[in-house]
Amino acid sequence: MNRRHLQVMLCLLLLASAMLVATACSGQKDTPGISTVQHVDAVEPAAEESGLIVEMIKPDQLRAGKPFKLVAELVNTSAAAQEIQHGADMFTYQIFDANGGLVMEEVSMRMRDDIGFMRTLKPGSRYTTDGEGHVSPPLDTRTIDKSGNYTIIATAEFRVTHEGANAKQVKLVSEPIEVVVE
């Protein structure tokens, strides 16, 4: 291999590395392959249409600077079984301070395996998942550094099949829960 070939290969390698770093560190909310938490204004379809709702489980005794686990559940409120399909990042969480400001996670990059799960939810059943080790750092473990009052919302994104119909993409948001961090 001559010197010119080595220079071209080195330039291509540096360019590819720079693109990877720029994509991972750009802070864009819609970067493919990187899971981010975003505020959701509209939810389609409505919970009444899907027969499913998202409920948050209120965490106990939150302390400033100490990690805690968040748990949301998908509840089948319909009279029929429903098949859901989702990724490891089905549940995401948003935390807002007393002024309504989004409390940002101190995570510069999150890795996610693109793995799919399928579950059948019987009427009245509840389902939760923490990503089963396929998201790092986990989406359900958070830390709030300052004491005070906070609001937490969970979002679930998945596909649902009802009575053999074509699968529909669903994005549901829980009712907000109020927590106090001591």
Side-chain angles (χ1 to χ4, degrees), residues 19-47 49-59 62 66-78 81-97 101-122 125-145 150-162 166-177 179:
M19 288 174 43
L20 178 63
V21 169
T23 301
C25 298
S26 68
Q28 291 179 347
K29 292 185 177 179
D30 296 325
T31 304
I34 297 177
S35 178
T36 59
V37 177
Q38 300 175 5
H39 184 69
V40 178
D41 295 318
V43 178
E44 292 291 334
E49 292 176 36
S50 69
L52 298 162
I53 60 170
V54 176
E55 291 184 354
M56 282 286 306
I57 307 300
K58 191 170 185 174
L62 302 181
K66 300 285 184 188
F68 60 93
K69 204 152 183 79
L70 295 166
V71 178
E73 294 180 329
L74 184 64
V75 183
N76 183 356
T77 59
S78 73
Q82 298 194 55
E83 183 177 291
I84 64 164
Q85 305 157 6
H86 65 88
D89 57 350
M90 175 181 177
F91 290 107
T92 56
Y93 303 92
Q94 296 171 293
I95 301 175
F96 299 92
D97 62 24
L102 182 62
V103 177
M104 299 300 291
E105 282 187 272
E106 294 193 23
V107 175
S108 59
M109 184 171 22
R110 177 168 274 125
M111 304 298 284
R112 178 193 74 212
D113 291 335
D114 285 333
I115 187 168
F117 297 92
M118 291 179 62
R119 299 286 186 270
T120 300
L121 300 180
K122 294 180 181 174
S125 66
R126 296 173 169 272
Y127 174 70
T128 189
T129 181
D130 64 0
E132 299 183 23
H134 295 284
V135 181
S136 180
L139 291 164
D140 63 348
T141 303
R142 297 290 292 271
T143 302
I144 298 175
D145 293 327
Y150 293 86
T151 302
I152 304 174
I153 298 172
T155 302
E157 293 188 61
F158 55 96
R159 293 173 53 89
V160 65
T161 304
H162 178 68
N166 289 336
K168 290 194 301 188
Q169 187 69 29
V170 179
K171 185 177 203 173
L172 299 175
V173 177
S174 71
E175 290 293 322
I177 62 168
V179 297

Can you tell me if Ser174 uses its side chain to pair, donor with acceptor, with the backbone of Ile153 under 3.5 Å?
no

Exercise: identify the closest heavy-atom pair between Leu172 and Phe158
CD1-CZ, 4.0 Å

Partners of Thr128 by side chain to side chain contact (heavy atoms under 4.5 Å, CB included), sequence neighbours excluded?
Val71, Glu73, Phe91

Quick check: do Glu175 and Ile177 have side-chain heavy atoms less than 4.5 Å from each other?
no

In this structure, OG1 of Thr151 is separated from CZ of Phe96 (nearest 0.5 Å) by 8.0 Å

So, taking the atom named CG in Asn76 and the one named CG in Leu52, what distance separates them when rounded to the nearest 0.5 Å?
5.0 Å

With sequence neighbours excluded, tell me which residues meet salt bridge (charged side-chain N to carboxylate O under 4.0 Å, His left out) with Lys66.
none

Residues two or more places apart in sequence or in another chain: which of them pass side chain to side chain donor-acceptor pair (under 3.5 Å) with Glu55?
Arg126

Listed by chain and number, what are the ring pair (Phe, Tyr, Trp, His ring centres under 6.0 Å) partners of Tyr127, not counting sequence neighbours?
His86

Set of residues satisfying side chain to side chain donor-acceptor pair (under 3.5 Å) with respect to Asp140, sequence neighbours excluded
Lys69

Atom of Ile95, atom of Phe68 and distance for their closest heavy-atom approach
CD1-CZ, 4.1 Å

Are the side chains of Ile152 and Met56 in contact, using a 4.5 Å heavy-atom criterion?
yes

One should read off an interatomic distance between Thr155 OG1 and Tyr93 OH, to the nearest 0.5 angstrom, of 9.5 Å

Find out whether Ile84 and Met118 are in side-chain contact, i.e. whether some heavy atom of one side chain is under 4.5 Å from a heavy atom of the other.
no

Might you work through the side chain to side chain contact (heavy atoms under 4.5 Å, CB included) test for Thr161 and Gln85, ending with a clear yes or no?
CA-CA 8 Å; Thr161 304; Gln85 305 157 6; 4.0 Å; yes

Flag the pair Gln169 / Lys171 as yes when at least one side-chain heavy-atom distance between them is below 4.5 Å, and no otherwise.
no

Shortest non-hydrogen contact between Thr143 and Pro67, atoms and distance
OG1-CA, 3.4 Å

Apply side chain to side chain donor-acceptor pair (under 3.5 Å) to Ser125 and list each qualifying residue two or more places apart in sequence or on a separate chain.
none

Under 4.5 Å between any side-chain heavy atoms of Ile144 and Tyr150, yes or no?
yes

Flag side-chain contact, heavy atom, 4.5 Å: Leu74 against Met90
yes

Measure the OG1-CG distance between Thr141 and Leu70 for me, rounded to the nearest 0.5 Å.
7.5 Å

Is any side-chain heavy atom of Val179 less than 4.5 Å from a side-chain heavy atom of Lys58?
yes

How far does CG of Leu121 sit from OG1 of Thr77, to the nearest 0.5 angstrom?
10.5 Å

Output all residues satisfying salt bridge (charged side-chain N to carboxylate O under 4.0 Å, His left out) with Arg119, sequence neighbours left out; order by chain, then residue number.
Glu132

